[in-house]
Amino acid sequence: MLRLSSLFVRTLRENPSDAEVPSHQLMVRAGYIRRAAPGGYTWLPLGWNVYRNVERIVREEMDAAGFQEVHFPALLPREPYEATNRWTEYGPNLFRLQDRRGVDYLLGPTHEEMFTLLVKDLYSSYKDLPLSIYQIQTKFRDEARPRAGLLRGREFVMKDSYSFDIDDAGLSASYEAHRAAYIKTFERLNLPFVIVSAMSGAMGGSKSEEFLAPLEVGEDTFVRCVTCGYAANTEAVTVPTPAALDFSQAAPSQVVDTPDTPTIATLVDLLNARTDINAALGKTTAWTATDTLKNVIIMLRHPDGRREPLAIGLPGDREVDMKRVEAQVGPAEPDAFTEADFANYPALVKGYIGPDVLGSTSSSKIRYLVDPRVSTGTSWVTGANKAGNHVVGLVCGRDFTPDGTIEAAEVLPGDTCPTCAANHATGVLEMARGIEIGHIFQLGRKYAEALNLTVLDQNGKQVVVTMGSYGIGVSRAVAAIAEATLDDMGLCWPREVAPADIHIVIASKGADAIAEVAERLASELEASGLRILLDDRTSVSPGVKFKDAELIGVPTIVVVGKGLADGVIEVRNRANGERSDVAIGEAVATLRTICGRPGN
RNA sequence: CGGGGUGUAGCGCAGCUUGGCUAGCGCGCCACGUUCGGGACGUGGAGGCCGGAGGUUCAAAUCCUCUCACCCCGACCA
């Protein structure tokens, strides 16, 4: 039984000044966590209690799915990460250190290499597969900017699983098994979630989905279609490719004098003033930014240090979304195209870049990729590669041919849903924010190849194992649950993760009759298997106890006080505020029912 | 890494512009008394290297220089 008279906790009346996110504020105020370092938190008894409940549920669901738990050190040698090139690729996000002899070590940010080597160490036959193993481990990442308390720390707890299969069908089955286990886990945690398509990014591999808790404080932006249910991380959204248009009747393109129009807005204004151009093109509607083809040059930095310029063509009403670009061009990283770079490419006239000078077969040799909306037969106004000049009526597929398409344009609410478009439906996308609470990947053979994990197949042939990796942010899930359930009075835990089933408030002071009844009730409830938090403080007024009970957020609050004169106690539902009086004689049975454990 | 902000008691803050008495307020903490179903009240206490270093000055929380830390936005982020 937890007793507030002796529990190691101090609740705060005011929010700590360094916390902005509600879950962070309340977890500090309610005495669940304390900041110990940038991005590092100490768990106090109440918080550790909740953390262990969350961890237990995750573990139970993994075990139930047939995955086996192992445990690696967090302090890892350099060599395996050297073999997969991640010692370098992980960059400054990796915590590196040396032992007394100057030998390099790292604090594990994720454990693909170690798991791969462990399986290689023990297994060598197709008969040993499939295998899924996992651990619940503290991970270390030197995040540039930890934030929001537990939501993004530099030290955090992750449940990471890895599956090992002989072939793609096996990987697919292992992936689905994890997906199903994750759904059960998050349902049990009472955590609302959306499964979105994601990019596998630096992890490599083919298929990847994220589990996002749809909450405003989340760092991930995703889209979903209200019509068909499609959901995707913005990085993974695909733009439907329009059918090719017939351009046989299109007017020829022409270069027009457009002085002082370095921006899309100035260009559109000028075009709308030039009725002569509209007449020549047979254009009857007003020009908008969507009629313009904006060409943005970026510089790709490849892992080997090579720099390569890339031209991206997209409708002028949209910005380039660098996150989307990065997801497309990985492992290369996009950088800005600097003034110095422009100096090296005199053909590029800043503000007036057009397709003529772009493309691998053009004079500049710059690879030219366009947004899928820039499809065959579409007509554009774009730069004429000469200051103060634009070309109108430039038709894709007639007047210019890009090297390919790229998903680089920002996604906007109201964009066409790609799934609906494929089915000739009319759904549009809406955007929302989410906290990434889980991520599942089909890794494929990247790690197995790099570390030479092979097994003998039925024919006695060495085959490379195919892998999946699957993560749940356990400590982050605690914060996400808090964030999803809190209200203006405080935390509000779902029962299974709450630090107690029942918070008993003794609404009096001193060792009086009320306290005696409360003590007896607490003992009986605890003896019946319920977890009890008893506010037995004798020098605190009832008002303070009520406020603290609401702040701490145990799902059921029992008030033992003046109702005793009528033989009743008061039972409150923390989440919905409902209150009812229960005869003292029926208290145990009633509370057991409320707590989901009827009978005795 | 870029931009903005903040460092004064356990927590939340004022004081700094225009240097000057014992550095102040609320909460919390300790003691005594009153109170006791919605963050009670009175009286008396404890608690501070004013983030750090250097400088200016008779005198620095306050002005100057450097530095460190933290928070927010962006960049970054299986």
Side-chain angles (χ1 to χ4, degrees), chain A residues 10-21 24-25 28-29 31 34-35 37-40 81 84 86 89-94 108-113 115 139-149 151-154 156 158-162 198-205 208-210 219-220 235 322-323 326-327 330-331 333-336 436 438-443 446-447 467-473 476 489-490 505-510 512 514-515 535 537-551 557 559-565 569-570 572 579:
Chain A
R10 179 108 307 145
T11 59
L12 306 175
R13 205 174 280 218
E14 287 159 301
N15 282 327
S17 63
D18 59 358
E20 293 233 332
V21 172
H24 183 198
Q25 293 174 333
V28 173
R29 268 187 63 197
R34 301 291 297 180
R35 197 185 79 89
Y81 288 79
T84 56
R86 283 166 118 196
E89 269 180 19
Y90 229 97
N93 269 23
L94 196 60
T110 174
H111 282 70
E112 279 78 6
E113 286 82 353
F115 271 83
K139 306 292 186 188
F140 297 86
R141 294 182 195 174
D142 189 359
E143 297 283 353
R145 187 156 83 83
R147 62 175 290 276
L151 285 178
R152 176 168 296 279
R154 299 208 290 180
F156 58 97
M158 180 161 89
K159 187 290 302 174
D160 49 329
S161 310
Y162 303 85
M199 298 298 293
S200 24
M203 298 296 293
S208 156
E209 289 171 296
E210 286 174 329
E219 299 178 280
D220 287 35
E235 292 159 31
M322 290 307 257
K323 286 190 177 181
E326 192 179 339
E333 299 208 15
D335 274 345
E436 181 183 348
H439 202 158
I440 52 180
F441 289 91
Q442 294 190 7
L443 287 179
K446 171 178 170 177
Y447 293 90
M467 295 170 55
S469 89
Y470 317 91
I472 290 178
R476 176 184 282 180
M489 295 188 295
V505 171
I506 302 177
S508 78
K509 285 187 185 175
D512 56 8
I514 289 174
D535 194 346
R537 291 175 292 180
T538 54
S539 54
V540 174
S541 68
V544 172
K545 292 183 178 179
F546 292 142
K547 291 288 185 197
D548 275 348
E550 282 143 5
L551 181 61
I557 299 169
V559 183
V560 182
K562 66 184 182 187
L564 275 191
I569 57 166
E570 184 182 324
R572 300 180 180 180
R579 304 175 178 196

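Convention: sequence-line order gives letters A, B, ...; per-chain numbering from 1. Side-chain atoms are counted along with the backbone in the values below, which use heavy atoms only and exclude waters and symmetry mates.
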Any strand, both distances under 3.5 Å, Watson-Crick or G-U wobble: B:C25 pairs with B:G12
Its contact letters, B for base, S for sugar-phosphate only and - for none at protein heavy atoms under 4.0 Å, make nucleotides 35-48 of chain B read BBBBBS--------
In Watson-Crick or G-U wobble terms, with both distances under 3.5 Å, the base opposite B:C77 is none
- prompt: Going by an N to O cut-off under 4.0 Å, is there a salt bridge joining A:Lys446 and A:Glu112?
  reply: no
A:Asn93 CG to B:C76 P, in whole Å, measures 12 Å
(Q) A side-chain contact here means heavy atoms from C-beta on lying under 4.5 Å apart; do A:Arg29 and A:Glu14 qualify? (A) no
- Taking the side chain from A:Lys139 and the backbone from A:Gly473, do they hold a donor-acceptor pair closer than 3.5 Å? no
In whole angstroms, the gap separating P of B:C77 from CZ of A:Phe156 amounts to 14 Å
Residues at least two apart in sequence or cross-chain that pass side chain to side chain contact (heavy atoms under 4.5 Å, CB included) with A:Val544, listed by chain then number, are A:Val540, A:Ser541, A:Asp548
- In whole angstrom, give me the gap between the C1' atoms of B:A9 and B:C27. 12 Å
P atom, B:G47 versus B:C70: distance in rounded Å?
30 Å
To the nearest angstrom, the CG-P distance between A:Asp18 and B:G10 comes to 15 Å
TODO: Look at the side chain of A:Arg141 and the backbone N and O of A:Pro109, then say whether any donor-acceptor pair between them is shorter than 3.5 Å.
DONE: yes
- Would you mind classifying the nucleic acid contact of A:Ala565 as base, sugar-phosphate or nothing, using non-hydrogen atoms under 4.0 angstrom? nothing
Backbone of A:Ile506 reached by a side-chain donor or acceptor of A:Lys545 within 3.5 Å:
yes
To the nearest angstrom, the CD-C1' distance between A:Gln25 and B:C72 comes to 13 Å
query: What distance, rounded to whole Å, do you find between the two C1' atoms, one in B:A53 and one in B:G7?
result: 16 Å
Handout entry: P spacing across the pair B:U17 / B:U62, given as an integer number of angstrom
Key = 9 Å
Among the nucleotides B:G12, B:C72, B:C29, whichever has the atom closest to the side chain of A:Ser17 is B:G12
To the nearest angstrom, the CZ-C1' distance between A:Arg154 and B:C70 comes to 12 Å
Less than 4.5 Å apart, side chain to side chain, heavy atoms only: is that true for A:Arg579 and A:Val559?
no
If pairing means Watson-Crick or G-U wobble with both distances under 3.5 Å, then the partner of B:G7 is B:C68
Whole-Å C1' distance, B:G45 and B:G54 = 38 Å
Any strand, both distances under 3.5 Å, Watson-Crick or G-U wobble: B:C49 pairs with none
5'-most contact on RNA chain B (nearest-nucleotide basis), A:Gly438 vs A:Arg35, goes to A:Arg35
Taking a pair to mean Watson-Crick or G-U wobble geometry with both distances below 3.5 Å, B:U62 pairs with none
* **B:A40 to B:U67 separation - C1' atoms, rounded to the nearest Å** => 47 Å
Rounded to whole Å, the CZ-P distance (A:Arg10 to B:C27) equals 16 Å
To the nearest angstrom, the CG-P distance between A:Asp142 and B:C1 comes to 11 Å
**Report entry** Distance, C1' atom - from B:G33 to B:A69, rounded to whole angstrom
**Finding:** 45 Å
pair_partner(B:U34), Watson-Crick or wobble, both distances < 3.5 Å, evaluates to B:A40
Among B:C77, B:C71, B:C73, the one nearest any side-chain atom of A:Arg147 is B:C73
query = Counting distance only, does the side-chain N/O of A:Gln25 pair as donor-acceptor with the main-chain N or O of A:Ala19 below 3.5 Å?
reply = yes
_Between A:Asp160 and A:Phe115, is there a side-chain heavy-atom distance shorter than 4.5 Å?_
yes
P spacing across the pair B:G28 / B:U43, given as an integer number of angstrom:
15 Å
To the nearest angstrom, the CD-P distance between A:Glu219 and B:G74 comes to 9 Å
